Amino acid sequence: MRLDVYAIDEDDVVYDTEPQKQNTKNLPKRSRLYQGFIDSNLLPPGSIDFNALNTVIIIMIMPFDLFGYELYQYTFRMKCEEISELELEDGATRIFLNSHGKHPEFVNPELIELLEYMEKSTDTVAKKCESKRIHQMHERITKLKSSKEMEIKYMQKWEEKEIERQEAYAEGERVGEKRGRTEGETRINKLTKYLLEQERTEDLKKAVSDAAYQAKLLKELGL
């Protein structure tokens, strides 16, 4: 699995940041997979000291609103359904950031600037930001682009092709399933018509409730 940005701070908190260009309709469960992948690598093999697991924060950054409440930030932690104020405190947090949020009163202004910059990392957007850290980030990125531009383009193209391949595969499966259903219905209709014409009503009744007998008749009649 490829993790986009993986970091550990001075308090041993693990951060995994995952920018997402498209809504693949599986991001909540995808974040769960990232969580499991990270956790499985935090303890030495055979260790049973689960309290040694690091605090893990997974951050998914998106140019769309995954949940539809027009927020910039959605933060999820384990809670008890019966007692709403009771948290599990398992050290796992998943955050979904939406660069198109509409409620700046709920987040730090610097976060809004960062989200805008991540969506459009241009000189113009960087100059508009008041955050010194974003200015420093832009300077660093500008330098990296000079040597990494071709590599970045390659990775973007690879990701786009992979998404296209997955979409084509899913569409092929849908078409195949639809074609299979249509062909199956045609065969059953032919069998039903034949049995009615031959006045084999008992065979027809048995074929309706007995899949094995139905298959036998289809094979017998070459349908």
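Since this is a predicted model, take the numbers as computed values, not measurements.
Counting heavy atoms from C-beta outward, Asp123 and His138 have side chains that approach closer than 4.5 Å. In this structure, the side chains of Cys129 and His135 come closer than 4.5 Å at one or more pairs of heavy atoms. Arg94 places a side-chain heavy atom less than 4.5 Å from the side chain of Arg32. Leu114 has its side chain within reach of Ile134: a pair of non-hydrogen atoms, C-beta onward, lies under 4.5 Å apart. In this structure, Tyr15 and Val5 have side chains that are not in contact, with every pair of non-hydrogen atoms separated by 4.5 Å or more. Counting only heavy atoms from C-beta outward, the side chains of Leu43 and Leu53 approach each other to under 4.5 Å.
Between Phe67 and Phe76, the gap from one ring centroid to the other is short of 6.0 Å.
In this structure, Asp9 CG and Thr55 OG1 are separated by 9.0 Å, a value rounded to the nearest 0.5 Å. One distance of note links CE of Met137 with OG of Ser131; it measures 7.5 Å at 0.5 Å rounding. Remark: Lys193 NZ to Gln198 CD distance equals 12.0 Å, nearest 0.5 Å. Here the CD-CG distance, from Gln20 to Leu27, works out to 5.0 Å after rounding to the nearest 0.5 Å. In this structure, CD1 on Ile59 lies 12.5 Å from CG on Asp4, to the nearest 0.5 angstrom. Distance check, rounded to the nearest 0.5 Å: CG of Leu42 to CZ of Phe37 gives 10.5 Å.
Here the shortest heavy-atom pairing between Ile58 and Ser31 reads CD1-O, 3.6 Å. Nearest heavy atoms, Ala126 versus Tyr117: CB-CE1, 4.0 Å. Here the closest heavy-atom approach between residue Ala92 and residue Arg77 is recorded as O-CG, 4.0 Å. Residues Asp65 and Glu70 share a closest heavy-atom pair of OD2-N, 2.6 Å.
The main-chain N or O of Leu115 is never found under 3.5 Å from a side-chain atom of Tyr72 such that the two would form a donor-acceptor pair.
Hydrophobic clustering (ILVMFWY, side-chain heavy atoms < 4.5 Å, transitive): Met60 and Phe106 are in one cluster. Transitive grouping of hydrophobic side chains (ILVMFWY, heavy atoms separated by less than 4.5 Å) keeps Leu86 and Met78 in distinct clusters.
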N/O donor-acceptor pairs under 3.5 Å from side chains in residues 96-104, not counting sequence neighbours:
from, atom 1, to, atom 2, distance (Å)
Asn98, OD1, His100, N, 2.9
Asn98, ND2, Leu71, O, 3.0
Ser99, OG, Met62, O, 3.4
Ser99, OG, Glu119, OE1, 2.7
His100, ND1, Pro63, O, 3.3
His100, NE2, Glu119, OE1, 3.1
His100, NE2, Glu119, OE2, 3.0
His103, ND1, Glu105, OE2, 3.1

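Residue-environment remark: CZ (Arg200) exceeds the threshold of 12 foreign heavy atoms within 6.0 Å. When the shell of 6.0 Å around CD of Glu220 is examined, it contains more than 12 heavy atoms from other residues, nucleotides or ligands.
Side-chain polar atoms of Asn26 and Thr24 form a donor-acceptor pair below 3.5 angstrom.
The pair Arg30-Glu18 fails the salt-bridge criterion, with no side-chain N (NZ, NE, NH1 or NH2) lying under 4.0 Å from an Asp/Glu carboxylate O.
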